[in-house]
Amino acid sequence: MFAEAVKRQRSLGTAAVEESAEVLTEQKDVARGLENLPVSSWPPEQEPEPFEYTPDHVIGPGADIDPTEITFPGCTCLKVPCLPGTCSCLRHEENYDDHSCLREIGSEGKYAQPVFECNALCPCSDHCKNRVVQRGLQFHLQVFKTDEKGWGLRTKEFIPKGRFVCEYAGEVLGFPEVQRRIQLQTVHDSNYIIAIREHVCNGQVMETFVDPTHIGNIGRYLNHSCEPNLFMIPVRISSMVPKLALFAAKDIFPEEELSYDYSGRFLNLMDSEDGERLDNGKPKKPCYCGTKSCAAFLPYDSSLFSF
């Protein structure tokens, strides 16, 4: 079949050849068939670095909880729809509207409200409005080579504001393992480790550390932007280990690169005391997002560099 395609290309113009080449390239699924939709890559003559693909979190060294284990009880909404006040999965209000868009999107909130979805133990149907992130990819995405930022991720179709785009999935680690891995990194290595801190009652802070460096999903290709078009929300379905779900902060158009703020905020405000070096003396990595509010350097979590 490939030989036939090559023969046809010889009789076509340049534009047709490029179109045919892209079709062939899109047959290479970066997600290896593990997502709802294939994830293509571009350009055809290059391929992203190899890694073990997983659409969901996996337990890694030092993790206290296996993220694949179902520990939440299901709701009892068998004959009635899941609604706040009657559904135990909806703690405060509905999470999503009739179009599967996350409710109450804003850019001024200091903290994101966690979301609880119905799970495998819930008797409600698969079409329940409170099942969104668990359905996986709903838009065609593509991994592509950028000019200055290495590999990135973009959408091939329109994504409305509030829609779920993808997860940031990988190994769930304990803090000592996080520090060990970071200590082994050089200034030339990419740091994919993310720390999620959730403030709960009595001043307690819940920490989740995820590393998709060796085992992860397409979320590892998302680049930072000081004016991102995605934002991250912790979403819990079956376990206290949250899925790190990325939603559209605004309408996103075809071929637009997908990005989020590595600091966890919508607006990346530069700390004047940060300077140009980390606490361990290594130089901070420059930011190439190219936005008007660019902070010049990538955000970092100084606590991860304290040994």
>> One pair to check against side-chain contact (heavy atoms from CB on, under 4.5 Å): I65 and M240. What are the steps and the verdict?
In response: CA-CA 8 Å; I65 306 174; M240 276 303 294; 4.3 Å; yes
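- A salt bridge between E93 and R103 is absent, with no side-chain N of the basic residue lying under 4.0 Å from a carboxylate O of the acidic one.
- Taking 4.0 Å as the cut-off between side-chain N and carboxylate O, R135 and E117 do not count as a salt-bridged pair.
- Remark: the backbone N or O of F116 is paired with a side-chain donor or acceptor of N95 at under 3.5 angstrom.
- Take R131 and apply the salt bridge (charged side-chain N to carboxylate O under 4.0 Å, His left out) test, not counting sequence neighbours, and it matches no residue.
- Between the side chain of R32 and the backbone N or O of V30 there is at least one donor-acceptor pair closer than 3.5 Å.
- We find that E167 and K243 are joined by a salt bridge, their nearest charged nitrogen and carboxylate oxygen being less than 4.0 Å apart.
- Side-chain atoms of N119 do not come within 3.5 Å of backbone N or O of I70 as any donor-acceptor pair.
- T68 meets the side chain to side chain donor-acceptor pair (under 3.5 Å) test with D66; sequence neighbours excluded.
- Side-chain atoms of H57 do not come within 3.5 Å of backbone N or O of P67 as any donor-acceptor pair.
- A donor-acceptor pair under 3.5 Å is formed between the side chain of Y262 and the backbone N or O of H224.
- For S41 (side chain) and K28 (main-chain N/O), no donor-acceptor pair under 3.5 Å exists by modelled atom type.
- Clustering ILVMFWY residues whenever any of their side-chain heavy atoms sit less than 4.5 angstrom apart, transitively, puts F253 in a cluster other than the one holding L222.
- Look at E198 and R236 and you find a salt bridge, because one of the NZ, NE, NH1 or NH2 atoms lies within 4.0 Å of a carboxylate O, short of that distance.
- No single ILVMFWY cluster, assembled from side-chain heavy atoms under 4.5 Å apart, contains both V58 and F209.
- Y260 has its ring centre no less than 6.0 Å from the ring centre of F231.
- In this structure, the side chain of N217 does not engage the main chain of T54 through any donor-acceptor pair within 3.5 Å.
- Each salt bridge (Lys or Arg N to Asp or Glu O under 4.0 Å) pair with one or both residues in residues 217-226, not counting sequence neighbours, appears once here: E49-R220.
- The existence of a salt bridge linking K156 and E255 is confirmed by a sub-4.0 Å separation between a basic side-chain nitrogen and an acidic carboxylate oxygen.
- Rounding to the nearest 0.5 Å places CD of Q179 at 12.0 Å from CG of L173.
- Evaluated for a side-chain hydrogen bond (donor to acceptor under 3.5 Å, both in side chains) with N223, the options K149, E148, E257 yield exactly one hit, E257.
- The ring-ring contact (aromatic ring centres under 6.0 Å, His included) test with F247 is passed by exactly one of F139, Y168, F164: F164.
- Side-chain N or O atoms of N202 include none that pairs as donor or acceptor with a backbone N or O of Q204 at under 3.5 Å.
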